[in-house]
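Note on naming: letters A, B, ... go to the chains in the order of the sequence lines (proteins, then strands), and numbering restarts at 1 for each one.
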Amino acid sequence: MEMEKTGAGVAVLSAKEAFEKLEKVGEGTYGKVYRAREKATGKIVALKKTRLHEDQEGVPPTTLREVSILRMLSRDPHVVRLMDVKQGQNKEGKTVLYLVFEYMDTDLKKFIRSFRQTGQSIPPQTIKSLMYQLCKGIAFCHGHGILHRDLKPHNLLMDRKTMMLKIADLGLARAFTVPIKKYTHEILTLWYRAPEVLLGATHYSMAVDIWSVGCIFAELVTKQALFAGDSELQQLLHIFRLLGTPNEEVWPGVSKLKDWHEYPQWNPKSLSTAVPGLDELGLDLLSQMLEYEPSKRISAKKAMEHAYFNDLDKGHL
Amino acid sequence: MADFQTSTHRAKWIFSPQQLVEKYRAANQRAKQILEKCGATLMEVDVDGSLSYPEPQMTAKDSAEKHSRTKPLTIEEEQCIKVFYENKLQEVCNNFRFPHKIQATALIYFKRFYLQWSVMEHQPKHIMLTCIYAACKIEENHVSAEELGKGISQDHQMILNNEMIVYQSLEFDLIVYAPYRSVEGFINDMEEFFNAGDNQLEMLKTLQETARFEVDKMMLTDAPLLFPPGQLALAALRNSNAFHRVIDFDSYLRGIFSRENSMHTMSELSESLDAIDSWVIVSHSNVCPLTEQMCNSKSTFCIGWEPWVTSVLHGPLCGLDFVCRLENTKVLLRRN
């Protein structure tokens, strides 16, 4: 089922006519997510419901951004495929919009939790494969001029059988341009938020996504969030405790950032203390993803070429 | 940078002149058939984006009466109305002091919408405002529908009602590329290429300003549907430079080709830029009297598809020869 043309004179089935809802599988910012069956083909899909007219303002900008960006990115195997956009009405007769996605049976958050609950480690080759797919998907987004801005395990969908990983939830994503504009400060889940964003930088780029990828990498190994702060300040302090308090020497310009204050002085620790069990090559890649200075942080494309991935069979990825 | 090469804009929304003619013809033809059948063409748009055409006429007498009152618009006349509202769109954006990017995005949405529909089917006034509203959302410069409606004494519900049909008609391809950004990029590149000193930097700023006016003119033609934004920007800069004589433009173009591994030749690019120039000149020399008449009238935003429009349009109107122009203009259309 491809995104259908809604040009003049084409009859379009409503969501209710086209799909049978099977179960609710999640809840997003603007509405629920359902597993559903397409009546015409029997195919299982995910329906992401968006309520319109929240504040009498029609389609939420996040939904618009997600749809328009996915229209560009959905060709990549590591970006979730948007198949269609349908409209319908809820029980109160209010208009709702349904984004029709390919169905994926789990996400990375649930996947990590299942290992944590059984006390097992995620096999190193599985971590490597998932990380490679994530870097590949992000490289594709960045290559098309798209920043995700909200990467976290919950937004990385997976197929348990094939171990295929796909980037989802591009509601906060945006197309970036040169010169890079001032962007919103209040984005990204705290735990995966880059230090430049936490310190109030209004000009930022692809490096914010790479920081998030680094945090996810560490979490795959330890099954715990690397930096689990419950406020912006606490989040910064968690980072500084492990990586050392930054200064002008390691990160030129840091003290001029809007929210910079005098912070407690910590010396950097070895990453292996926080991520035991990750081999030397993995630690090297992780350290390049967690560079303080955004311009020094490794790119997704370069990360794919890192020696850590040398022994991975990339043929099917 | 957000990549035009791999965008839906490049893949789906750059056309050949023949394709444009076909699209305009198809929309116009459909509206004529509906007028024939129903005696009216304006579609009812519900808030969920669902559409309904007017009910067919009940009796032959009703039908005959209606037909005596209402004549369909020609493609040229539709074009006049669109140009009028594109001018209005720029005016509204200027009054709200929206950034240039919003104006450009809204204009491109408006143009794309009327590739699918006739102005006889959807009120251009409403669609124009909805396109501005949508552009504000997508460009992260959000303005409320109420604020936008109030600013020009229109009911904001009409904007919300049309929102879904606009997105559907644009096939949700909402990331668009306008030449303004490319102009900026080329100016930055020229600064480096010519190793510009303070004096030349000032002159390049002037060049950029004039080029932006050139782009404003281009945006009121079909050029954005026919040429990639980079070429439109280069054509604007070339015209601006012909006036200000700031740089040796040919040497700059040669510089581009020596740095890029382009599949195309310098002469092909020059032909494309010439085609853009002639396209814009022809478009602007054929502004129809109706547009001028409407622009000078005090009652802004009065025109919609209402019976009186026909009588205005069927006055002594020198047509745009629009279709002939489209079919005869030899446009070198490079898609990259």
Side-chain angles (χ1 to χ4, degrees), chain A residues 3-12 14-15 52-53 55-76 82 84-89 93-97 99 140-147 173-184 205, chain B residues 1-9 11-12 23 26-27 30-31 34 43 46-51 53 101 115-118 121-122 130 133-134 136-140 142-146 156-157 159-177 181 184-185 188:
Chain A
M3 183 93 163
E4 62 191 73
K5 285 216 180 241
T6 44
V10 177
V12 180
S14 72
L52 304 196
H53 293 288
D55 317 302
Q56 283 303 301
E57 283 307 328
V59 183
T62 51
T63 303
L64 279 186
R65 222 171 293 138
E66 179 168 28
V67 174
S68 55
I69 283 169
L70 282 169
R71 296 287 286 135
M72 290 211 298
L73 298 182
S74 266
R75 295 189 313 279
D76 189 74
L82 175 69
D84 205 351
V85 180
K86 295 261 183 219
Q87 70 225 19
Q89 289 192 321
K94 291 253 171 73
T95 302
V96 288
L97 202 61
L99 308 193
F140 183 80
C141 292
H142 290 175
H144 284 67
I146 302 295
L147 303 183
R174 64 159 294 138
F176 60 85
T177 47
V178 179
I180 287 165
K181 289 203 195 117
K182 295 186 175 182
Y183 292 145
T184 42
S205 183
Chain B
M1 172 155 177
D3 192 5
F4 176 74
Q5 294 298 80
T6 51
S7 66
T8 50
H9 185 143
K12 289 172 56 187
K23 283 183 170 293
R30 186 183 58 245
I34 286 151
M43 299 186 80
D46 206 348
V47 66
D48 66 353
S50 55
L51 302 170
Y53 277 109
K101 176 71 176 142
L115 287 176
Q116 324 286 356
W117 300 100
S118 159
E121 294 170 305
H122 292 280
T130 308
Y133 180 64
C136 286
K137 273 190 186 180
I138 210 74
E139 294 301 337
E140 297 191 353
H142 192 48
V143 61
S144 75
E146 194 170 359
H156 74 280
Q157 194 55 48
I159 295 173
L160 295 173
N161 283 8
N162 279 289
E163 194 184 9
M164 270 307 290
I165 185 60
V166 166
Y167 296 143
Q168 286 174 336
S169 302
L170 303 176
E171 292 174 33
F172 285 92
D173 294 327
L174 303 175
I175 294 172
V176 301
Y177 297 77
R181 185 124 226 132
E184 199 179 319
N188 292 343

**Q** Are side-chain heavy atoms of B/Ile138 and A/Pro61 found at a separation under 4.5 Å?
**A**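 No, their side chains stay 4.5 Å or more apart.
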
**Q** If we only count heavy atoms from C-beta on, is the A/Ile69 to B/Ile175 side-chain gap below 4.5 Å?
**A**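 They are in side-chain contact.
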
**Q** Please report the closest heavy-atom contact between B/Leu160 and A/Gly58, naming both atoms and the distance.
**A**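 Result for this residue pair: CD2-N, 3.6 Å.
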
**Q** What's the separation between atom CG in A/Leu64 and atom CZ in B/Phe172, rounded to the nearest 0.5 Å?
**A**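 So the gap between those two atoms works out to 7.5 Å.
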
**Q** If you compare all heavy atoms of A/Val59 against all heavy atoms of B/Met164, which two are closest, and at what distance to 0.1 Å?
**A**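 Minimum heavy-atom separation between A/Val59 and B/Met164: CG2-SD, 4.0 Å.
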
